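As the structure is a computational prediction, the values presented were derived from the model and not from experiment.
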Number of protein chains: 2
Amino acid sequence: MAFDSHQAGYIALAEFRYRIRHFLNASERAARSAALEPEQYQLLLAVRGMPRGQSPTIQALAERLQVRHNTVVERVDRLAKLGLVRRVRSRSDRRVVIVGLTARGNRVFEKLARMRLRELRQVGPELVAALGDVVKAARRLGTARRKN
Amino acid sequence: MAFDSHQAGYIALAEFRYRIRHFLNASERAARSAALEPEQYQLLLAVRGMPRGQSPTIQALAERLQVRHNTVVERVDRLAKLGLVRRVRSRSDRRVVIVGLTARGNRVFEKLARMRLRELRQVGPELVAALGDVVKAARRLGTARRKN
DNA sequence: CTTATTATATCGTTTAACGATAGAATGGGC
DNA sequence: GCCCATTCTATCGTTAAACGATATAATAAG
């Protein structure tokens, strides 16, 4: 087994990861440039970028951010202390907390989000290319030995 | 300011993040299913997926993983203790350490990497779609009229 | 041969995420 | 109405990865 026949796939996979990491790192730097922890910006984004019709409750945010609910509670605590978000108890179900951005939170968020969208105009094509490569490699993996 | 004109862009951005997080979480679960920390699998991938012609030195790996070099040192320590990688001093420059997978490391890595490629056959299209959306939104940001 | 640079390693600190746990509000079955 | 299970949010102690600062060794430059 001198060289695995999937070597090209591994390289494509690693390259994809590299591009993602680059993208995420740039995002983290942007967040810190606004005196925010990266995770705090992610929370703001999740609140403002909630799919239409859904409310940014603690639970819903946990799902969107793919973290445990208590992690969201902690992030909201920190952002509330910074005056960027506020908790609003739901009228219909008083167990539920709906997270909203303050005016200041909105200003900070929009500045950052637009930076990120601008960045994506630049690196978007590279991400698309890397993703395309790895998906192609993944398909080759499938056709090598057809069993489904 | 009932609704920001970039609202669709924020949703696209959040959706893209959600898909990425999903992908990364699945990767982390896969790593743990092999009794590895997610970051340890990432190191294995970076070693085996190094661009052709480049050696997986501590420095090069730090660049590829987008972390500080001492972080790579620590990851290598842990993986070496598990018997999955080994350090090899470069002959030409004895400051340099080249990281290599052991036979066991290769077996573990290949199992995981193939799982990940298979997963990408499934969710690849969703990632492509989300990325396409956000890049489109980013382009609109550029061409939109600059009000307020 | 002296100094600067590059590459790796060590150590103490920080902090976000987590599991476990608790408590409050709601709903279903009767 | 009442009990019990469920749902939603909050608290607390622990863990572990990443980092900055620092150290050591090899090499290059002058």
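A/Arg95 and A/Ser90 share no donor-acceptor pair across their side chains, judged by distance under 3.5 Å alone. Side chain to side chain, A/Gln42 and B/Arg21 fail the donor-acceptor criterion of an N or O pair below 3.5 Å.
Distance, A/Leu43 CG to C/dA17 P: 10 Å, rounded to whole Å. Atom CG in A/Leu61 sits about 13 Å away from atom P in C/dA17, given to the nearest Å. Rounded to whole Å, the distance from CZ on B/Arg68 to P on C/dT8 is 16 Å. Atoms CG (A/Leu65) and P (C/dA17) sit 9 Å apart, rounded to a whole Å. Straight-line distance from the CD1 atom of A/Ile98 to the P atom of D/dT7: 19 Å, rounded to whole Å. Atom pair B/Arg91:CZ and C/dA7:C1' shows a separation of 18 Å (rounding to whole Å applied). Atoms CZ (B/Arg89) and P (D/dA25) sit 11 Å apart, rounded to a whole Å. Separating the CD1 atom of A/Ile58 from the C1' atom of D/dT7 is a distance of 14 Å, rounded to the nearest angstrom.
Against DNA chain C, the stretch residues 71-82 of chain B makes heavy-atom approaches under 4.0 Å through B/Val73, B/Glu74.
Between D/dA25 and B/Arg94, no contact under 4.0 Å exists linking OP1 or OP2 to a side-chain N or O.
A salt bridge does not link A/Arg78 with A/Glu37: every distance from a Lys NZ or Arg NE/NH1/NH2 to an Asp or Glu carboxylate oxygen is 4.0 Å or more. For the pair B/Glu126 and B/Arg19, the salt-bridge criterion is met [side-chain N within less than 4.0 Å of a carboxylate O].
The base of D/dT9 has none of its N or O atoms less than 3.5 Å from a complementary donor or acceptor on the side chain of A/Arg95.
Ranked by how close their nearest DNA chain C nucleotide is to the 5' end, A/Glu39 and A/Ser92 are led by A/Glu39.
In this structure, the aromatic ring of A/His69 is not positioned over the six-membered ring of the base of D/dC8 within 5.5 Å between centres and 30° between planes.
Within a 6.0 Å sphere centred on CZ of A/Arg68, heavy atoms belonging to other residues, nucleotides or ligands number 12 at most.
In this structure, the side-chain contact (heavy atoms from CB on, under 4.5 Å) partners of B/Val135, at least two apart in sequence or on a different chain, are B/Leu131, B/Arg139.
Relative to the side chain of B/Asn70, the nucleotides C/dC18, D/dG20, C/dT8 differ in distance, and D/dG20 lies closest.
Between A/Tyr41 and A/Phe109, the ring planes lie parallel to each other; the angle is under 30°, not in the 30° to 60° tilted range.
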